[in-house]
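What you see is a predicted model, and the numbers here were worked out from it, not measured in a lab. Labels below follow one simple rule: chain letters A, B, ... track the order of the sequence lines, proteins then strands, and each chain is numbered from 1.
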Protein chains: 2
Amino acid sequence: MSKRIGIVDVAAAAGVSATTVSHALSGQGKMSAETRERVSRIAAELGYAPNRIASALRRQRSSIIGFVSDQIAISPFAGQIVLGAQDAAAERGALLMVVTSNSDPRVEAQQLDALVAQQVDAMVYARMSHRRVAAPPQLLRQPAVLIDAYDPDSNLDSIVPDERQIGRLATDRLLAAGHRVIVHVTVDEHEPAARGRIDGYLDACAEAGIRARVIRMPGLGDARAGREALARALAEHPETTAAFAFNDPMAMGVYQAAATRGLRIPEDLSIVSVDNLEIIASQLRPALTTVRLPQYEMGRFAIARLFELLETGERTGDRRVRLACELVERESVTAPRTQLTVTHP
Amino acid sequence: MSKRIGIVDVAAAAGVSATTVSHALSGQGKMSAETRERVSRIAAELGYAPNRIASALRRQRSSIIGFVSDQIAISPFAGQIVLGAQDAAAERGALLMVVTSNSDPRVEAQQLDALVAQQVDAMVYARMSHRRVAAPPQLLRQPAVLIDAYDPDSNLDSIVPDERQIGRLATDRLLAAGHRVIVHVTVDEHEPAARGRIDGYLDACAEAGIRARVIRMPGLGDARAGREALARALAEHPETTAAFAFNDPMAMGVYQAAATRGLRIPEDLSIVSVDNLEIIASQLRPALTTVRLPQYEMGRFAIARLFELLETGERTGDRRVRLACELVERESVTAPRTQLTVTHP
DNA sequence: TGCGAGGGAAGAAACGTTTTGCCGTTCCGG
DNA sequence: CCGGAACGGCAAAACGTTTCTTCCCTCGCA
């Protein structure tokens, strides 16, 4: 491990001052193209790598963005958000510093302090499911945005999926296939995500002039809830031909309950859900048609917004950004057995 | 955003020199307990947060550990490894800087360079499935370890799951339940993970004196492969009562194929697999008995090893560490229908 | 009383950049 | 031919710590 070579070594080798090297490499200042080129070449030859620590100290700008999330382990969502954020940061010459509190507030506080000490330029505070939160005070020392979370008491920017549009999109897909008896199996509507999706479902039903049938289950939505929900749905609405599930695990439960009853998917029951968990959606048989949450985009958008705040001190647009989602078509939707003939007036 | 307060502000407020503040806060140097206590108190009152950038520059030690992984999005594994590494790093006052290349070598090189520029003290290079790799040159500038990967050409430390023990453990579980006809559905044995698990399976079969029946499928192991594998297994070995699947998605396929044939799990077919993907294993019905990979432990171990290298320049123990795995009991294993009576001699 | 030891604290240098201000040279127009 | 702008480049200060060295003072002992 030989001594790291620095700007002065390059300067010596090129027979110029450190200042000139700095200028040459950063494209600042006035200098002959010849010198600039020669210095750059020598730097490359020597394998010079800038020391971002020194640079950060001098410039009072670390080019590091802190990314705090409550979970990274459990949900594959996190990864996509981080990826989007990382890509966007890299495009701007910044690096992400990701920490996960595993939902422990004490750990979270420690980590936030560590990020502050690290002089991060800005912070992203991400939740892995849409939540209302109280933003920790460390977020207020530098620009910060929330992902999948909002805090009505602070004026931090917030980036969330457009839950209502999700409900709309999923239901419209089933309507478009010709279904008229569509149940929505979901969870407690205190979940912001559930609330929004229900609203979207209701909108779509109202517009289509069909009856809304919402089955609410306790908990956060897993296969068990999906199984029980389908049982209830069929008991209450035996004529059901399609289901819109709150998330992919619930959809998996619906598959299981359908199999138990000898209902085939999609011939007897069409399903649309939300999450696009690759590991479920594409492994189920038939593969699950589901709404993809815009995780990658949320990550990107967060960083873009942060740089906007860093560079201009101002933000454009809304404080609360809802990103639209898209449907991923697979195989779990088809027309109902007794297709309604649509009469064009 | 008021000016950040630094060590000199504390010094001024306490009527001492910056040196003394530094000593007081770090517990270095000789000084009266009274001064030390007073300085600490004043620092706390002023809300002093150390500037780790400045500290890093002076000490030539950033206390940042780079963590490079090929994937973070797709697999929930990554999260656990990162979590383990993060916890271990936090215990030692270090921070993790996680980057994901998304398996793009160009991106990876860029990110490695960025980490080098960031003056990371050490690096973790993680793959999300057990692989042979060629370690990139940037890893050699500071201590580094590989996770779920090994490079026979470098002398970097390597931390991997004990694949052979996995095969052993899973097969033994089925043997213990009384099964004598156990198929192993797996993938191409060029996968290091597959190779090791097959060996463990063969060991267990040999020791139990039963015939080994390995079904190899192309690809990396998904539900489709699992379905086809079970079909082949039953064609070749109709008397099969138990299956050991390479991973959870394949096990999911086995469930699907079993359902198609009217085989009940576990009554007609017991299953053990590997991964413990929460989202599959606990959502399947019956819940899947599966081997948990020691991700968290691998993360922790990697950091521990790195600090060993940083502090002593030496390592203890093996260059290639295989961590043992444990079985997570759920509901997919029971005794075979026609139980063999074990005669004690 | 003189002297050395040693505790407590301060001064100053150093880490590797970036940036400000300045200096010498050239070139142009008046 | 002179004044001044434009240009190319350099010296030095600054960023906030840590650490090496020095300094002062007190205390104990001969």
Side-chain angles (χ1 to χ4, degrees), chain A residues 2-40 42-43 46-64 93 95 114 116-121 141, chain B residues 2-40 42-43 46-64 93 95 114 116-121 141:
Chain A
S2 56
K3 181 183 167 301
R4 275 230 176 61
I5 70 119
I7 208 171
V8 298
D9 304 304
V10 177
V16 296
S17 72
T19 306
T20 304
V21 176
S22 175
H23 282 156
L25 297 179
S26 66
Q28 307 284 27
K30 297 284 176 184
M31 59 195 313
S32 70
E34 192 272 330
T35 325
R36 192 181 298 273
E37 196 275 330
R38 185 169 51 89
V39 170
S40 314
I42 294 183
L46 264 51
Y48 168 73
N51 183 328
R52 294 179 61 116
I53 295 274
S55 168
L57 179 60
R58 168 66 233 223
R59 306 183 53 211
Q60 299 292 84
R61 200 166 204 272
S62 63
S63 294
I64 297 181
L95 235 42
V116 169
Q118 201 64 53
Q119 317 291 112
V120 295
D121 291 341
R141 304 181 57 140
Chain B
S2 56
K3 180 184 168 301
R4 275 230 175 64
I5 70 121
I7 209 172
V8 299
D9 304 304
V10 177
V16 297
S17 73
T19 305
T20 304
V21 176
S22 174
H23 282 156
L25 297 179
S26 66
Q28 308 283 29
K30 298 284 178 187
M31 59 193 315
S32 69
E34 192 271 330
T35 324
R36 192 180 298 273
E37 196 276 331
R38 185 168 52 88
V39 170
S40 313
I42 293 183
L46 264 51
Y48 168 73
N51 183 328
R52 293 179 61 117
I53 295 273
S55 169
L57 179 60
R58 169 65 232 219
R59 305 184 54 210
Q60 298 291 85
R61 200 167 205 272
S62 63
S63 293
I64 297 180
L95 236 42
V116 169
Q118 200 64 54
Q119 316 290 114
V120 296
D121 292 340
R141 305 181 55 139

Phosphate oxygens OP1/OP2 of [N]: is one of them under 4.0 Å from a side-chain N or O of [X]?
| X | N | result |
| --- | --- | --- |
| A:Tyr48 | C:dG16 | no |
| A:Thr35 | D:dG9 | yes |
| B:Ser17 | C:dA10 | yes |
| A:Ser32 | D:dG9 | yes |

Round to a whole Å and report the spacing from [atom1] of [X] to [atom2] of [N].
| X | N | atom1 | atom2 | value |
| --- | --- | --- | --- | --- |
| B:Leu25 | D:dG16 | CG | P | 16 Å |
| B:Arg4 | D:dG16 | CZ | P | 10 Å |
| A:Arg38 | D:dG8 | CZ | C1' | 12 Å |
| A:Leu57 | C:dA14 | CG | P | 17 Å |
| B:Gln118 | C:dG16 | CD | P | 15 Å |
| A:Gln60 | D:dC15 | CD | P | 8 Å |
| A:Met31 | C:dT25 | CE | P | 19 Å |
| A:Ile7 | D:dC10 | CD1 | P | 12 Å |

Checklist entry - What are the two closest non-hydrogen atoms of A:Leu46 and A:Val10, and how far apart are they? => result CD2-CA, 4.1 Å

Checklist entry - Which atom names give the shortest non-hydrogen contact between A:Val21 and A:Ala11, and what distance separates them? => result CG2-CA, 3.5 Å

Checklist entry - Do you see a donor-acceptor pair shorter than 3.5 Å between the side chains of B:Thr19 and B:Ser22? => result no

Any [X] side-chain heavy atom under 4.5 Å of [Y] side chain:
| X | Y | answer |
| --- | --- | --- |
| A:Asn51 | A:Arg4 | no |
| A:Leu25 | A:Tyr48 | yes |
| A:Ile64 | B:Gln118 | yes |

Checklist entry - Hey, mind stepping through B:Gln60 and B:Gln119 against side-chain contact (heavy atoms from CB on, under 4.5 Å) and telling me if it holds? => result CA-CA 8 Å; B:Gln60 298 291 85; B:Gln119 316 290 114; 5.9 Å; no

Checklist entry - Name the one of B:Arg38, B:His23, B:Met31 that satisfies side-chain contact (heavy atoms from CB on, under 4.5 Å) with B:Val16? => result B:Arg38

Checklist entry - Has the side chain of B:Asp121 got a donor or acceptor atom that lies under 3.5 Å from a matching backbone atom of B:Arg61? => result no

Item to check | End axis versus end axis in the helix from C:dT1-D:dA30 to C:dG30-D:dC1, the angle rounded to 10°, five pairs used at each terminus | outcome: 60°

Item to check | Heavy-atom protein contacts under 4.0 Å, nucleotides 19-28 of chain D, coded B base, S sugar-phosphate only, - none | outcome: B---------

